[in-house]
Peer 1: 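Submitted below is the structure of interest, expressed as structure tokens.
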Amino acid sequence: MNAHAAEVDAESHAWLAASSMLAGADTIEHFRRSQIGLLAARTNPSVSRDNLRLINDWYNWLFAFDDAFCESELMGRRASALARALPPLLEIIDGRRKPDPGDPFGVALDELLHRLSGIATPAQVDRWRITVKEYLFAQIWEAANREVDLIPTPDDYILMRRITGATFTCFALIDVGGGYRLEAEEWHHPDVRALSDLACDLIGWDNDLLSYAKERGRDKARHNLVTVLATHRALTLQEALEEVARMHEAAITAFIARRAALEQWASLPVHRYVRGLENWVRGHVEFSLGSARYVHAWPADTRWPRAI
């Protein structure tokens, strides 16, 4: 856990509450209880206070955007409405326009871009920009599925889950937050790409398991690996849960093997980045097991493993 967790979480929540990205006092209180700052602190345990604050604010932006656009009745279920909302954000993230003062998400995104540009190299900013654009476009895919009541196939879902969860937008900040730089050839190296994909899978599938109760009550959990496997492979809920667990174990085994291969060539920044991926996998689980956003959606007698 980052030593600055509590104070940065409080500051970031105050920033979020003042931004107008959250609709009303109840939503603001829900976010406060969710303690999203602990996700930033657990996944980035050694970054500086200032860099943790930037990362924390970005995570809050993502969660607020998810609630306002991706899970809303209007935007989240109408691909055309969501598609029309994206151009201003895309222009802002490219630095081509200033946000409308009445667009809280655009204003906050512009601020975050400016702050990131102050500590990152142009190449690092571009890397983050690309991952954010991919995330935004992927929300249209999810909305289109909801619009026609479609549960995606396992192959489609596994591919798109890496993008829809915004995890790569956070991975793009690992070296920035740590105060070092991954070169382009290192970021794109097959071993680094494979480890990033595997870490993203582990995080996404853990999230699917932990958020299944929450999602089943709101969206039939259509964008959840448990539902995808149960639907397309004719599995019971228990069988689908067990299959996700098997896939998870296989991904861990593959991650360990690929990490060993990386030892033959990797620089210190690459080793630090891979350690950052491991921090993300572990930190995400620890955060989720203590967050009201997920745990309170399950029955009161649900038994959870203790996060250490």
Side-chain angles (χ1 to χ4, degrees), residues 1-44 49 52-77 82 85 89 99 101-112 115 135 139 142 146 164-167 169-170 203 206-221 223-224 283-302 304 306-307:
M1 175 83 79
N2 193 290
H4 305 290
E7 57 192 285
V8 170
D9 178 43
E11 290 177 7
S12 187
H13 178 72
W15 172 84
L16 177 65
S19 71
S20 299
M21 287 188 285
L22 302 182
D26 289 346
T27 305
I28 291 173
E29 175 60 18
H30 172 69
F31 268 72
R32 187 194 65 77
R33 289 188 292 106
S34 295
Q35 294 185 293
I36 291 164
L38 296 187
L39 176 62
R42 289 190 180 278
T43 55
N44 300 273
R49 186 191 188 287
L52 180 64
R53 172 62 196 278
L54 173 62
I55 291 168
N56 198 337
D57 289 353
W58 173 240
Y59 291 8
N60 267 322
W61 191 97
L62 286 170
F63 278 98
F65 182 86
D66 182 68
D67 281 7
F69 286 81
C70 310
E71 295 191 9
S72 72
E73 287 297 318
L74 173 62
M75 293 287 187
R77 298 177 184 277
L82 185 55
L89 296 177
D103 173 13
F105 287 92
V107 169
L109 185 62
D110 183 62
E111 177 196 325
L112 290 165
R115 288 162 59 191
Y135 161 73
Q139 304 317 303
E142 285 199 341
R146 295 187 188 100
T164 60
T167 314
T169 74
C170 303
I203 294 161
D206 282 336
N207 181 261
D208 284 356
L209 290 170
L210 290 162
S211 64
Y212 180 75
K214 168 180 171 284
E215 294 176 4
R216 184 173 59 175
R218 298 182 63 176
D219 185 35
K220 302 180 183 177
H223 295 118
N224 188 298
H284 169 260
V285 172
E286 292 173 335
F287 161 75
S288 299
L289 290 176
S291 174
R293 187 177 180 89
Y294 303 112
V295 173
H296 290 179
W298 288 85
D301 60 350
T302 300
W304 297 97
R306 181 180 178 184

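All residue numbers refer to positions in the sequence shown, counting from 1. All values below come from the heavy atoms of this structure, side chains included, with hydrogens, waters and symmetry mates left out.
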Peer 1: Locate the shortest heavy-atom distance separating Ala17 from Ile28; write the atom from each residue and the value.
Peer 2: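 Where Ala17 meets Ile28 most closely, the heavy atoms are CB-CG2, 4.0 Å.
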Peer 1: In chain order, what residues pass the side chain to side chain donor-acceptor pair (under 3.5 Å) check against Asp103, with sequence neighbours excluded?
Peer 2: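 Expected list: none.
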Peer 1: Does any N or O in the side chain of Asn2 come within less than 3.5 Å of the main-chain N or O of Asn44, such that one atom is a donor and the other an acceptor?
Peer 2: yes
Peer 1: So, using side chain to side chain contact (heavy atoms under 4.5 Å, CB included) as the criterion, who are the partners of Ser20 when residues are at least two apart?
Peer 2: Pro104
Peer 1: CD of Glu142 to OG1 of Thr164: how many Å apart, nearest 0.5 Å?
Peer 2: 4.5 Å
Peer 1: If you look at every heavy atom in Met1 and Ala41, which pair is closest and at what distance?
Peer 2: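 Met1 and Ala41 have their closest heavy atoms at SD-CB, 3.6 Å.
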Peer 1: Determine yes or no for a side-chain-to-main-chain donor-acceptor pair under 3.5 angstrom, with Asp208 supplying the side chain and Asn224 the backbone.
Peer 2: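 Such a contact is absent between Asp208 side chain and Asn224 backbone.
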Peer 1: Which atom names give the shortest non-hydrogen contact between Asn60 and Phe31, and what distance separates them?
Peer 2: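 Taking every non-hydrogen atom into account, OD1-CD2, 4.3 Å.
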Peer 1: Could you state the interatomic distance from CG (Asn207) to OH (Tyr212), rounded to the nearest 0.5 Å?
Peer 2: 14.0 Å
Peer 1: Ala64 and Leu16: which non-hydrogen atoms are nearest, and at how many Å?
Peer 2: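 Scanning both residues completely, I find the closest heavy atoms to be CB-CD1, 4.0 Å.
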Peer 1: Going by side chain to side chain contact (heavy atoms under 4.5 Å, CB included), name the residues that satisfy it together with Asp57, two or more places apart in sequence or in a different chain.
Peer 2: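 Checked Asp57 against side chain to side chain contact (heavy atoms under 4.5 Å, CB included); matches are Ser12, Trp15, Arg53, Leu112, Arg115.
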Peer 1: In Å, rounded to the nearest 0.5 Å, how long is the span from CE of Met21 to CZ of Phe69?
Peer 2: 10.5 Å
Peer 1: My understanding is that only residues two or more places apart in sequence, or in another chain, count here; which of them pass side chain to side chain donor-acceptor pair (under 3.5 Å) with Trp58?
Peer 2: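 Only Thr169 meet the side chain to side chain donor-acceptor pair (under 3.5 Å) criterion with Trp58.
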Peer 1: Counting N and O atoms only, with roles assigned by atom type, does the side chain of Glu111 sit under 3.5 Å from a partner on the main chain of Val107, one being a donor and the other an acceptor?
Peer 2: no
Peer 1: How close do Phe287 and Ile36 get, heavy atom to heavy atom, and via which atoms?
Peer 2: CE1-CA, 3.8 Å
Peer 1: I want to check something: taking the side chain as every heavy atom from C-beta on, are Arg146 and His223 in contact at a cut-off of under 4.5 Å?
Peer 2: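 Of all side-chain heavy-atom pairs linking His223 with Arg146, at least one is under 4.5 Å.
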Peer 1: Let me confirm one number: the CG-NE2 distance from Leu210 to His284, rounded to the nearest 0.5 Å.
Peer 2: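 If I round to the nearest 0.5 Å, the distance is 6.5 Å.
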Peer 1: Using side chain to side chain contact (heavy atoms under 4.5 Å, CB included) as the criterion, list what pairs up with Arg32, not counting sequence neighbours.
Peer 2: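 Listed in chain order: His13, Glu29.
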Peer 1: Check Leu38 against Ala5 and note the closest heavy-atom contact, atom names and distance.
Peer 2: CD2-CB, 4.3 Å
Peer 1: I want to check something: taking the side chain as every heavy atom from C-beta on, are Leu109 and Pro99 in contact at a cut-off of under 4.5 Å?
Peer 2: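 Of all side-chain heavy-atom pairs linking Pro99 with Leu109, none is under 4.5 Å.
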Peer 1: Would you please name every residue forming a salt bridge (Lys or Arg N to Asp or Glu O under 4.0 Å) with Asp206, sequence neighbours left out?
Peer 2: none
